[in-house]
2 protein chains.
Amino acid sequence: MRQDAVRGHLDGLLLAVLEQGPLHGYAIITAVQERSAGALELRTGTIYPALNRLERVGLLRSSWQSVGERRRRCYELTEAGQRTLAGERTAWIEFTTAIGSVLNPAAPPGFAT
Amino acid sequence: MRQDAVRGHLDGLLLAVLEQGPLHGYAIITAVQERSAGALELRTGTIYPALNRLERVGLLRSSWQSVGERRRRCYELTEAGQRTLAGERTAWIEFTTAIGSVLNPAAPPGFAT
DNA sequence: TGCTATCTATTGGCAGCCAATATATTGGCT
DNA sequence: AGCCAATATATTGGCTGCCAATAGATAGCA
């Protein structure tokens, strides 16, 4: 998988893994990795700025937690984030439909199978 | 549809529309537009450099044609281009599978429907 | 005489992800 | 005790690759 593959779809990925409950940054990376069967390996330089941006625009909310001496910053979806996630899913379908129909055109009308 | 949406998939689109026969640049734009039901509107600044690049690396071959006074540059797939197209289709499936499985996770094992 | 469609082409810009880098804790293995 | 991998957060600079803007030419129609 091309490293740059998530370009344009990162927000949707982040929102999606946070849908089922709060996660901290490192856990988000592993969650995306697991759910994509290892295909998508996000880097810290990719997600931390993105998470900050998503919080800044009100799609996420964060809070610091402590596990012993270790601090974690947990992110969770806001209501706006949930609505945006729904929009991202719709956009994803439109996107794959568009590209897919060019890449694999349907048989023309009247084409006998 | 985001304008920037084809990023990373442009080559596949160009190769795919050329699979069924040679086309010139302008016709490629309309072909992509039609096959995507209007969703994808490529610009000249997008495709001409891309077509040149694909020819330079041997995936396309071009020839000038004349229709009256008007000149057209027709592109067609080389054999390498056909092989690359097949690879692009495989990569597309892997890509959509990866993103899709994160965006819309399958029900976990044991989840009663 | 314009306006739209057809046709090719180049350049600069910039959005957005990544590599590299920095820092610190924790737990297991030897 | 010492080392290393895993866990955890964060920033910066850079580059890829598409797009907007621009340019120019022919053709047909109102």
Side-chain angles (χ1 to χ4, degrees), chain A residues 1-15 17 22-34 36 39-57 60 62-75 88 91 95 98-99 102, chain B residues 1-14 17 22-34 36 39-57 59-60 62-75 88 91 95 98-99 102:
Chain A
M1 181 76 61
R2 248 176 55 256
Q3 283 301 340
D4 211 12
V6 302
R7 183 181 283 268
H9 309 285
L10 179 61
D11 291 8
L13 297 182
L14 297 178
L15 297 175
V17 293
L23 289 175
H24 58 282
Y26 192 82
I28 290 175
I29 292 177
T30 58
V32 168
Q33 202 173 347
E34 284 173 13
S36 67
L40 299 178
E41 301 195 7
L42 303 180
R43 307 309 170 96
T44 66
T46 299
I47 66 154
Y48 286 113
L51 290 171
N52 285 332
R53 176 174 46 78
L54 292 175
E55 181 172 22
R56 204 166 55 241
V57 299
L60 298 181
S62 76
S63 59
W64 284 98
Q65 292 186 350
S66 286
V67 179
E69 280 308 306
R70 178 167 287 157
R71 68 211 173 93
R72 288 173 172 173
R73 190 167 168 185
C74 273
Y75 295 88
E88 293 279 350
F95 169 72
I99 303 283
V102 176
Chain B
M1 180 77 60
R2 250 177 56 256
Q3 284 301 340
D4 210 11
V6 301
R7 183 181 284 266
H9 310 285
L10 179 61
D11 292 7
L13 297 182
L14 297 177
V17 292
L23 289 175
H24 57 280
Y26 192 82
I28 290 174
I29 293 176
T30 57
V32 168
Q33 202 172 347
E34 284 173 11
S36 68
L40 299 177
E41 301 195 9
L42 303 180
R43 307 309 171 93
T44 65
T46 299
I47 67 154
Y48 286 113
L51 290 170
N52 286 331
R53 175 174 46 78
L54 292 175
E55 182 172 22
R56 203 167 55 241
V57 298
L59 303 182
L60 297 181
S62 76
S63 60
W64 285 98
Q65 292 186 352
S66 286
V67 180
E69 281 307 307
R70 179 167 287 157
R71 70 211 171 91
R72 288 172 172 176
R73 191 167 168 187
C74 273
Y75 296 87
E88 292 278 352
F95 169 72
I99 303 282
V102 176

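Numbered from 1 within each chain, the chains take letters A, B, ... in sequence-line order.
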Determine, stepwise, if the pair I28(B) / L13(B) fulfils side-chain contact (heavy atoms from CB on, under 4.5 Å). CA-CA 9 Å; I28(B) 290 174; L13(B) 297 182; over 6 Å; no

Please convert DNA chain C into dot-bracket. A pair counts if it is Watson-Crick or G-U wobble with both distances under 3.5 Å; crossing pairs go in [ ] and bases paired with another strand get |. ||||||||||||||||||||||||||||||

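With rounding to the nearest 0.5 Å, the separation of CG in L23(A) from CG in L51(A) is 10.0 Å.
Salt-bridge check for R53(A) with D11(A): passed, with a basic side-chain N closer than 4.0 Å to an acidic carboxylate O.
The interatomic distance linking L40(A) (CG) with dC18(C) (C1') rounds to 14 Å, in whole Å. Y48(A) has its OH atom 5 Å from the C1' atom of dT9(D), to the nearest Å. In this structure, I47(B) atom CD1 and dA9(C) atom C1' are separated by 10 Å, rounded to whole Å. Note: OH (Y75(A)) to C1' (dA8(D)) measures 11 Å, nearest angstrom. If you take CD of Q65(B) and P of dT8(C), they are 10 Å apart, rounded to a whole angstrom. Put simply, CG on L54(A) is 14 Å from P on dA10(D), counting in whole angstrom units.
Side-chain contact check for L60(B) versus N52(B): every heavy-atom pair is 4.5 Å or farther apart.
When every heavy atom of G25(B) is checked against every heavy atom of I47(B), the shortest pair comes out as O-CD1, 3.4 Å. For the pair L14(A) and V17(A), the tightest heavy-atom approach, listed with the atom from each and the gap, is O-CG2, 3.3 Å. Listed here is the closest heavy atom pair of M1(A) and F95(B): CE-CA, 3.9 Å. Closest heavy-atom contact between Q33(A) and E41(A): NE2-OE2, 3.7 Å. Minimum interatomic distance between I29(A) and R43(A) (heavy atoms only, all atoms of both residues): CD1-C, 4.4 Å. Looking at every heavy atom in both residues, V32(B) comes nearest to S36(B) through O-OG, 2.8 Å.
Less than 4.0 Å separates DNA chain C from no heavy atom of any residue of residues 23-31 of chain A.
Between N52(A) and dT11(D) there is a side-chain polar atom (N or O) within less than 4.0 angstrom of OP1 or OP2. For the pair R72(A) and dA8(D), the criterion of a side-chain N or O lying under 4.0 Å from OP1 or OP2 is met.
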Determine, for nucleotides 18-30 of chain D in 5'-to-3' order, which nucleotides have protein heavy atoms under 4.0 Å from the base (write B), from only the sugar-phosphate (write S), or from neither (write -). SBBB----BS---

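Panel note: side chain E55(B), backbone S62(B); a donor-acceptor pair is recorded below 3.5 Å.
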